[in-house]
Amino acid sequence: MTAAKKSFNARLVLITGGSSGIGLALAKLLAQEGANVWLLARRKDALEAARNVLPAMGGQKHGTISADVTDWEQVQAAVARLSREAGVPDVLINVAGAERPGYVQELPLEAFREMMDLNYFGTVHMVKALLPAMLQRGDGYIVNFSSGAGFLAPFGYADYVPSKYAVRGFSDSLRLELKPLGIRVSVVFPPDTDTPGLANENKTKPYETLEAFSSKVVSADVVARAALGGMHRGQYIILPGLEISLYYRLVFLVGNAIYPIMDSTLAQARRKKK
């Protein structure tokens with residue numbers, strides 16, 4: 001797919017984490033555009049419910065695959081099945097992910113491994129499984145979802161932030177290596193998004209996070225529309241919403257001065273807590 005391509009009509013798109021939230025919202029938009037959308041997630045019941053709400057016009061064929069992106073063997077089997085039944089995806093969108101906020105001293109060690117396994121290695125697994133066929137074809141598009149926490153570390157996410165920084169770094173490496181080979185890459189940095197995951201995450205957020213380090217919550221539909229718009233324009237960095245765009249520019253504008261700014265923000269929140 002060249003950077004000039006403006007539509008995903010008739011394209012085969014694979015979305016991880018596609019059974020709910022941003023992944024499902026993006027799947028609906030792509031299906032409305034005429035794409036053949038396949039959803040990959042762990043829960044079969046949620047996948048079937050998600051497929052049933054995808055519009056199918058003009059002979060589109062949508063599908064689902066139950067697999068755990070943290071399991072390399074399951075990912076390989078899922079990609080092999082998709083290739084047999086529908087072909088090699090034109091577009092891979094890695095949305096699958098989770099957050100587990102808390103004070104660093106209280107987070108169990110396994111939380112750090114879980115975040116890296118799902119958010120980072122889940123993305124790596126999908127790319128590694130699909131990339132050989134994309135390279136053989138000389139065409140493809142990979143869209144990775146990082147987070148606002150992938151360029152600015154908020155309070156209370158010591159396990160999550162490294163995984164999203166890793167997605168950003170991986171995407172930077174992919175962009176440079178794959179562009180000359182015909183494979184396009186984008187990375188999306190969504191803000192706090194109204195999804196089932198956010199509701200669960202709010203149960204363990206530290207006070208300081210809620211008070212001073214939470215962005216304005218936007219809907220999954222808003223993030224999906226912004227992501228798809230950036231994909232149409234061939235943007236590498238996609239920033240859904242004005243607030244996250246301002247944060248991104250602030251971080252790179254002020255450089256190391258961001259740290260005393262964050263220290264001051266935290267100090268104010270702690271004074272309120274007292």
Set of side chain to side chain contact (heavy atoms under 4.5 Å, CB included) partners for Glu208, sequence neighbours left out
Tyr103, Phe155, Pro206, Leu266, Arg270, Lys273
Minimum heavy-atom distance between Ala158 and Val104, given as atom pair plus value
CB-CG2, 3.7 Å
Minimum-distance pair of heavy atoms, taken over all atoms of Ser83 and Val88
OG-CG2, 4.4 Å
What residues form a ring-ring contact (aromatic ring centres under 6.0 Å, His included) with Phe252, not counting sequence neighbours?
Tyr248
State whether Arg113 and Glu110 are salt-bridged, where the test is any N-O pair (Lys NZ or Arg NE/NH1/NH2 against Asp/Glu carboxylate O) under 4.0 Å.
no
Find out whether Arg11 and Leu30 are in side-chain contact, i.e. whether some heavy atom of one side chain is under 4.5 Å from a heavy atom of the other.
no
So Asp192 and Lys216, side chain to side chain contact (heavy atoms under 4.5 Å, CB included) or not? Walk me through it.
CA-CA 7 Å; Asp192 285 345; Lys216 178 182 177 182; over 6 Å; no
Check Val75 against Met126 and note the closest heavy-atom contact, atom names and distance.
CG1-SD, 3.7 Å
So, using ring-ring contact (aromatic ring centres under 6.0 Å, His included) as the criterion, who are the partners of Tyr160 when residues are at least two apart?
Tyr157
Walk me through it: do Val69 and Asn94 pass the test side chain to side chain contact (heavy atoms under 4.5 Å, CB included)?
CA-CA 10 Å; Val69 296; Asn94 286 304; over 6 Å; no
All heavy atoms of Pro191 vs all of Val218, minimum pair found to be CG-CG2, 3.7 Å
Can you find a heavy atom in the side chain of Val13 that is under 4.5 Å from one in the side chain of Leu26?
no
Establish whether Leu242 and Val188 are linked, either directly or via other cluster members, by ILVMFWY side-chain heavy-atom contacts under 4.5 Å.
no
Side-chain heavy atoms under 4.5 angstrom apart, residues restricted to Ile, Leu, Val, Met, Phe, Trp, Tyr: same cluster for Met231 and Leu174?
no
Atom CZ of Arg168 with >12 non-hydrogen neighbours under 6.0 angstrom:
yes
So, Asn144 and Thr123: side-chain donor and acceptor under 3.5 Å apart, yes or no?
no
4.5 Å side-chain heavy-atom contact, Lys179 and Val185
no
Once ring pair (Phe, Tyr, Trp, His ring centres under 6.0 Å) is applied, what residue pairs with a partner in residues 199-218 remain, sequence neighbours excluded?
none
Scan for ring pair (Phe, Tyr, Trp, His ring centres under 6.0 Å) pairs involving residues 80-100, sequence neighbours excluded, and state none if there are none.
none
Let me know which of Leu239, Ile237, Ile238 forms a side chain to side chain contact (heavy atoms under 4.5 Å, CB included) with Gln235.
Ile238
State whether the number of non-hydrogen atoms from other residues, nucleotides or ligands found under 6.0 Å of Arg43 atom CZ is greater than 12.
no
Would you mind reporting whether Leu130 and Leu14 have side-chain heavy atoms less than 4.5 Å apart?
yes
Apply the test side chain to side chain contact (heavy atoms under 4.5 Å, CB included) to residues Leu29 and Gln32: give CA-CA distance (whole Å), side-chain angles for both, the deciding distance (0.1 Å), then the verdict.
CA-CA 5 Å; Leu29 293 177; Gln32 290 170 6; 3.9 Å; yes
Locate the shortest heavy-atom distance separating Pro55 from Ala31; write the atom from each residue and the value.
O-CB, 3.4 Å
Does the side chain of Trp38 come within less than 4.5 Å of Leu12's, by heavy atoms?
yes
Is it the case that Ser219 and Asp221 place a side-chain donor and acceptor less than 3.5 Å from each other?
no
Cluster link Ile22 to Val37, ILVMFWY, side chain under 4.5 Å
yes
Is there a side chain to side chain contact (heavy atoms under 4.5 Å, CB included) between Phe145 and Ile93 once you walk through the steps?
CA-CA 8 Å; Phe145 272 69; Ile93 305 177; 3.8 Å; yes
If every non-hydrogen atom of Asn36 is compared with every non-hydrogen atom of Gln60, which pair is closest and at what distance?
OD1-CA, 3.3 Å
Are any of the side-chain heavy atoms of Pro154 and Thr209 separated by less than 4.5 Å?
no
Taking the side chain as everything from C-beta on, heavy atoms only, tell me whether Leu178 gets closer than 4.5 Å to Leu135.
yes
Mind jotting down which residue pairs meet the ring pair (Phe, Tyr, Trp, His ring centres under 6.0 Å) criterion with at least one end in residues 53-99? Sequence neighbours excluded, please.
Trp72-His125
Tell me yes or no: between the side chains of Tyr141 and Ser186, is some donor less than 3.5 Å from an acceptor?
yes
